[in-house]
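Contents: one structure, followed by commentary.
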Amino acid sequence: MSKVTLNGLTKRFGKVEAVKNVTLKIRDGEFVALLGPSGCGKTTILRCIAGLEKPDEGDIYIGDKMVTRLSPPDRNVSMVFQSYALYPHMTAFDNIAFPLWIRKRPRDEIREKVKKTAEILEISEFLNRKPGELSGGQCQRVALGRAIIRNPAVFLLDEPLANLDAKLRISARGELKRLQKQLGATMIFVTHDQVEAMTMAERIAVMNNGVIEQFGSTDEIYQQPANMFVSGFIGTPAMNLIKCSLVERGGSISLILDTNTLPVPDSIGRALIEKIKSSDMVFGIRPEDISIHEKNKPNSYKTKVYVVEPLGNEKLVTVEMGNTYSKVRTRLDFKQEIGENAWVDFDWNRAYFFDKRTGKVIMHGLNKSANRR
Amino acid sequence: MDRKTKIFIFLFLLPAVVGLGLYAYYFSGWNLSISMTNARSLIFPAEFIGLGNYERFLGDSVFITVVKNTAIFTVLFMGGTLLLGLLLAILIDQGIKGEGLYKVIILIPMAMPMVISGVLWSWMFSPRMGVINSLLRVLHLDFLTQPWITSTSQALLCVIIAYIWVFTGFVALLYLANIRSLPNEQSESARVDGASKFQLYWRVIIPQLRPATVMAFAVLFLNSLVAFDLVWTLTMGGPAGSSELLGTLMYKQTFQWNYFGYGAAIAQIMFIISMVVMVPYLYRSIRRR
Amino acid sequence: MVIIRRFILYFILIIFALFMLFPIYSMVTTAFKTMPEIVGSRLTPPTQLYLGAFKEAFDSIGRPLLNSVIITVPSALIGTFLGSITGYVFSKFRFWGSDALFILIVLGMYIPAQAVLLPVVKFSANVGIFNTYLGLILPMIAFSIPSATLFFRNFYMNVPTEMIESARVDGCGIPGIYRRIILPLSGITFAVSVMINFTWIWNSFLWGLVLTQGPAVQPVMVAVNNLHGTYVAMWNVQMAGSLMAALPMVVIYAYFGKYITRGVLAQRK
Ligand SMILES: Nc1ncnc2c1ncn2[C@@H]1O[C@H](COP(=O)(O)OP(=O)(O)OP(=O)(O)O)[C@@H](O)[C@H]1O
Ligand SMILES: [Mg+2]
C-alpha cells in the first residue's frame, strides 16, 4: 500500500483543459472519493494515475516514487472500469487470474490466490462461468477480484457501482467499504453520486470544471463547505442558496431578499459586517435547518407553500418567499397545502454566507470565524 | 505513448507497409514509367516517349470500339444487375418458405470462380452444341436460336448476361439486408396509413436503399472496370474485337504482342479511372464510422 | 386474390432460381456423360455415372489443383494474420499520419491488378521468383492485406477500449493484448477473413496466367482455362474439370456462406 501524490497535474485534450493544476495528497491506506458533476475531469485524473493518459504538466507519485513517465504495467496499480471490462472469452476464474497469469506466476500459486480472492468476494460458485452468464453484481465482484488479486499499491475505481441496480448499489457500498478496510488498501474511486461518496469515503475531493474545489473529510465537506459549489453539490436536497444583501438599519441587522426583510440575530450580524466588503452576498441554509409552522410565531417569516412532497417518513416542502424558492424538511404531520401560508424560521447557527462574486464562504454560524481559505 | 508501444506499432505495421508499398505503390509507379516508354521486351532498354502511348491509344481504331463496348457493358451490366437484384430482394422480403435455402441458391453464381463461369456460359452459348440453342430446339422454337458468342453483334451481350448471372444474387442480398435493417415501424405505420404494397416500396422503402445501392455500385463498377477472367474464357474479346474491353486489350497488347509500353498505358488508364471513382467512395465509407 | 399474388410471387422466384441453377445443373450433368450421350441430348440427366471425363480432366488439372492448394492456403492465412494485426493497430491507436496510412493501405484494394502486373513480372524475373510458388504467394498476401485490414479494423472498433486498457493496467504489453485478448475474440471473424481470402486467391486467374509457365506451378484456374482451349469440343472433360476446380468454393460457401455474405457485404474484391 502506498500514498499517492498529484503535484500540479494538468491535462488538456486539444483546447479542452480537462484537469487544471490539481494538487492532491492521498494518505497511505486511505479511501478517497473523487466527486463531481459529469465531465469535470474525474475519470481523466484516474486515467492519469493509471498511466493511460500522459499529463501535460505536473507529476504523479505513488509512494515516494515518481511514476509520471512510467507505462501502466510498471506502476503497480489496479483499475476497475465502469463497464468492468471483463474479458468475455474467459471464465470468471481466468479473468481474476489474468494479472498473475501474464506475470507468469506458478500455476499452484495462481489457483490458491484466485480461491482466496473468490472467498473474500463470495463468488466461489461462479468461477467457471463466463461474464455473459453473470449478473451485474457478480461481474462487478469479478472485476474487483481481478483488481485485488495482485495486491497493488493503489486501487483505482471508476464509478464502480454505477452499473448496478438501485438496491444492489446500496448493499455494494457497504461491502466495498468493508473490503477496503479488510485490505487496508489505498483506494481512489470516482463517483458523481454525493451520497455514495459520503457513505463510503474517508475523504472526498469535490471537483468542478477540472479543479478541486475542496478536499476534506466527509464532515468537513458537509459542515464546512469551502464555497457555494460544494455546498450546492452536497446533501439531498442541496443547501438553499438565496441571493440577498445585508443592511443595518436603526441598530438592527437584516437580510434583504427582493423586497422582503429578514432580521438577523445580532451576534451573527455583527460578525458578518466585520468580514464583508460588499453588502451583496448569498445566504445558504440547509433544508433541515429551517423549521416551518402552520401559524405565525415570533421571529418567523411568512411564506407561501409552493409544493409539498411527502417522502414517507418526512415531508419536503418548497416555500415561496418573494421570488425565491426554498426547500424545507419537516415532519409528516405538517398540514398546509399548496397555496396556503406557512411561517419559517432559520437555525442561524447553521446558516452560511457566501461572497456573491467569488462564491467563497464568508462565514457560517457554527464557527463564526470559519474562513478556511 | 511509450517507446515500447511505438516499437510494437511499427513492427505490426511493417509487413503491410512493405508489402503494399512494394506490390501496390512501387509497382504502380513503375508501371507509370513503363507506360511512357516504347518498351517491347523485358530485357532491352526502352526509349522515353512521354505520353506517346496514350496518344496512340486515343487515336487507335480499337479505342472507339473499347470505349463503346465498355459503355454498353457497364451500363447494361450494372443497370440490369441493380434492377434485377432489387426486384429479387423485394420478392424475398415478402416472406417466403425456405428463405435460407433460397439465399444460398442465388449466391452460388457468386461463389463460382469467374473462369469457370466463363467456361459454363461458353457451353450455354455455344451455337451448335450449346445448351441454350438445344433447349430452344427442344421447345420447337428453332427460329429463336442464335449464333451467340460467334456473332459480332451478340458476343458482348453474352458477356453481359453472364455477368448479370454472377452478381444478381449478391446484389439482391445487399438490398435485402438494407431493407431488413429499416425499422419495422415504418412499414407498419405506412400500412396503417393505408398504403398499398407498391406504394410502400416505392415511397417508403426504396428511397432508403441508398447505402446498399452505393455499395453495390462500387462493387459492380470495380468489377466491370477490371473485367477479364470471364470475358477471356467466354469470348477472348472477340469475335473481331466485338467484346473487347480494357482488361482483355491490355492483356493482349502486353502479354501476347509484347507492346509493354502500350499495355502499361492502358493499365494506367484503368488505374486512374479506378482511383477517381473509388477514392471518394472509400473516403465516404471510412468517414461515416 | 392473395393466392394469385402468392402464386405469381413463387413463380417469379422459381424463374430466378432456375436462371441461377441451370448452368450449374448443366455443368454437373454434362460432366458425367459420354460424348455420344451429350450429342444425343444436352438437357437430360446422364443415364449412367461415367467417370472417364473426370479422369481425363484430372490428368491435366491434378497437379495444378495441388499447386492452387499450396499457393492459396498459406497466402490466405498469412494475409489474414497481417490484416488482423494491421487492423488492430488502426482500430486502437492514433498517431501522426495514422489516418492517411490507413487510407493508403485500404486503397490497395482498388488498384486494378492490371496496373501492377507487368512490373510484378519484371520484378519476379529479376529476383528469380518468376514461375515459383513464392512468386505468386507474395502478391496474393500483399493484396489480401487491404480488405482484411478494413474488415478487422471495423470489427476491433467494437471491442471496448476499456477492456484493452484494463489489460494494459494489469500488465500486458501490446503483443500480449493482441495474443490474449484481441485474437481470442476474433474467432469467427478470423475464419471468415481466411475464407474470403481463400476464395479470391483460389479464384484468381490473371496472376497465375502471367506469373507461371507450364503445369509445375500453374494454379488450377489457368489449367481450367487451358482445358477449355484444348478440349474444345469435349464438353464433358471441360465440365468435369470445372466441377473439380469449383468444388472447394462450393464446400466453403455451404459451410460459411452465411458469414461470408455478411463479410462480403462489407467489401468484395
Ligand atoms: N479522450 C478525450 N478526448 C477529448 N476530450 C476528452 C477525452 N477524455 C475526456 N475528455 C474531456 O475532458 C473532460 C473531462 O472528462 P472526464 O471523462 O474526465 O469526465 P468525468 O468527470 O469522468 O465525467 P463522467 O462523470 O461523465 O464520467 C470532458 O470535458 C471530456 O469531454
Ligand atoms: Mg468518467
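Numbers restart at 1 for each chain; the letters A, B, ... are given by sequence-line order, proteins then strands.
For C:R5, the CZ atom counts as loosely surrounded, since its 6.0 Å shell holds 12 or fewer non-hydrogen atoms of other residues, nucleotides or ligands. Remark: B:Y26 OH is loosely packed, at most 12 non-hydrogen atoms of other residues, nucleotides or ligands lying under 6.0 Å away. Taking a 6.0 Å sphere around CZ of C:F198, one finds it holds more than 12 heavy atoms contributed by other residues, nucleotides or ligands. Atom CZ of B:F10 has 12 or fewer neighbouring heavy atoms from other residues, nucleotides or ligands inside a 6.0 Å radius.
If you measure heavy-atom distances from C:L43 to chain B, the contacts under 4.5 Å come from the side chain alone. Contact of B:S33 with chain C is not made at all, since no heavy-atom distance falls under 4.5 Å. Contact of C:L104 with chain B is made through backbone and side chain together, with heavy-atom distances under 4.5 Å. Only the side chain of B:L87 comes within less than 4.5 Å of a heavy atom in chain C; its backbone stays farther off. Contact annotation for C:R168: only side-chain heavy atoms (C-beta onward) come within less than 4.5 Å of a heavy atom of chain B. Heavy atoms closer than 4.5 Å to chain B are found in the side chain of C:L101, but not in its backbone. With a 4.5 angstrom heavy-atom cutoff, B:I7 does not touch chain C via any of its atoms. In this structure, chain C has no heavy atom under 4.5 Å from any part of B:K6. Both the backbone and the side chain of B:V119 come within less than 4.5 Å of a heavy atom in chain C. Only the side chain of B:F228 comes within contact range of chain C, with at least one heavy atom under 4.5 Å from a heavy atom of that chain. Interface remark: C:D99 contributes no atoms to any contact with chain B (heavy atom separation under 4.5 Å). Proximity to chain C involves both the backbone and the side chain of B:L135, based on heavy atoms less than 4.5 angstrom apart. Heavy atoms of B:M124 lying under 4.5 Å from chain C belong exclusively to its side chain. Contact annotation for C:S41: neither backbone nor side-chain heavy atoms come within less than 4.5 Å of a heavy atom of chain B. With a 4.5 angstrom heavy-atom cutoff, B:M236 does not touch chain C via any of its atoms. At a 4.5 Å heavy-atom cutoff, the contact between C:F123 and chain B is made by backbone and side-chain atoms alike. Both the backbone and the side chain of B:L91 have a heavy atom closer than 4.5 Å to some heavy atom of chain C. Both the backbone and the side chain of B:M270 come within contact range of chain C, judged by heavy atoms closer than 4.5 Å. Contact annotation for B:T254: only side-chain heavy atoms (C-beta onward) come within less than 4.5 Å of a heavy atom of chain C. With a 4.5 angstrom heavy-atom cutoff, B:V277 does not touch chain C via any of its atoms. Interface remark: C:V120 contributes backbone and side-chain atoms alike to the contact with chain B (heavy atom separation under 4.5 Å). Only the side chain of C:F93 comes within contact range of chain B, judged by heavy atoms closer than 4.5 Å.
Here B:I105 is the residue among B:I105, B:I108, B:V138, B:I269 with the most heavy-atom pairs under 4.5 Å with chain C. Heavy-atom pairs under 4.5 Å with chain C peak, among B:I266, B:L84, B:L88, at B:L88. Of the listed residues (C:S204, C:P23, C:A17), the one with the most heavy-atom contacts under 4.5 Å to chain B is C:P23. Between chain B and the options C:F102, C:F90, C:W235, heavy-atom pairs under 4.5 Å are most frequent for C:W235. Contact count versus chain B (heavy atoms, under 4.5 Å) is highest, among C:I78, C:L117, C:V222, C:V250, for C:L117. Comparing B:F8, B:F260, B:W121 by heavy-atom pairs within less than 4.5 Å of chain C, the highest count is held by B:F8. With chain B as the partner, the residue from C:A245, C:G229, C:A233, C:P139 showing the most heavy-atom pairs under 4.5 Å is C:P139. Between chain B and the residues C:L9, C:L227, C:V39, C:L21, the largest count of heavy-atom pairs under 4.5 Å involves C:L9. Between chain B and the residues C:L107, C:V106, C:L82, C:I12, the largest count of heavy-atom pairs under 4.5 Å involves C:L107. Ranked by heavy-atom pairs under 4.5 Å with chain C, the list B:A111, B:G19, B:A267 is led by B:A111.
Side chain of C:R42 to main chain of B:M129: a donor-acceptor pair is present (N/O by atom type, distance under 3.5 Å, no hydrogens or angles). Distance alone, capped at 3.5 Å, is enough to place a donor-acceptor pair between the B:W165 side chain and the C:M20 backbone. A donor-acceptor pair under 3.5 Å is absent between the side-chain atoms of B:Y23 and the main chain of C:I141, judged by distance alone.
Note that the CZ atom of C:F95 and the OG1 atom of B:T5 stand 12.0 Å from one another [nearest 0.5 Å]. Between the CD atom of C:Q238 and the CD1 atom of B:I116 there is a distance of 11.5 Å, given to the nearest 0.5 Å. With rounding to the nearest 0.5 Å, the separation of CD1 in B:I96 from OH in C:Y10 is 6.0 Å.
For the pair B:V226 and C:P112, the tightest heavy-atom approach, listed with the atom from each and the gap, is CG1-CB, 3.5 Å. In this structure, C:A142 and B:L20 approach most closely via the heavy-atom pair O-CD2, 3.5 Å. Between C:I105 and B:A16 the shortest heavy-atom distance is CD1-CB, 4.1 Å. Closest heavy-atom contact between B:A24 and C:V116: O-CG1, 3.8 Å. Between B:P15 and C:I145, the shortest heavy-atom distance links the atoms O-CD1, 4.4 Å.
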May I have the step-by-step check of side chain to side chain contact (heavy atoms under 4.5 Å, CB included) for B:M112 and C:I24, ending in yes or no? CA-CA 9 Å; B:M112 283 288 132; C:I24 311 286; 3.9 Å; yes
For C:L206 and B:W232: C-alpha separation, side-chain torsions, deciding distance, then whether side chain to side chain contact (heavy atoms under 4.5 Å, CB included) applies. CA-CA 10 Å; C:L206 190 51; B:W232 192 252; over 6 Å; no
Mind running side chain to side chain contact (heavy atoms under 4.5 Å, CB included) on B:F27 and C:I111 for me, showing each step along the way? CA-CA 11 Å; B:F27 287 157; C:I111 293 179; over 6 Å; no
List the steps and the verdict of side chain to side chain contact (heavy atoms under 4.5 Å, CB included) for C:N203 and B:D229. CA-CA 9 Å; C:N203 291 356; B:D229 308 5; over 6 Å; no
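Using the six-membered ring where Trp is involved, B:Y281 and C:Y110 have ring planes that are perpendicular, over 60° apart on the 30 and 60° scheme.
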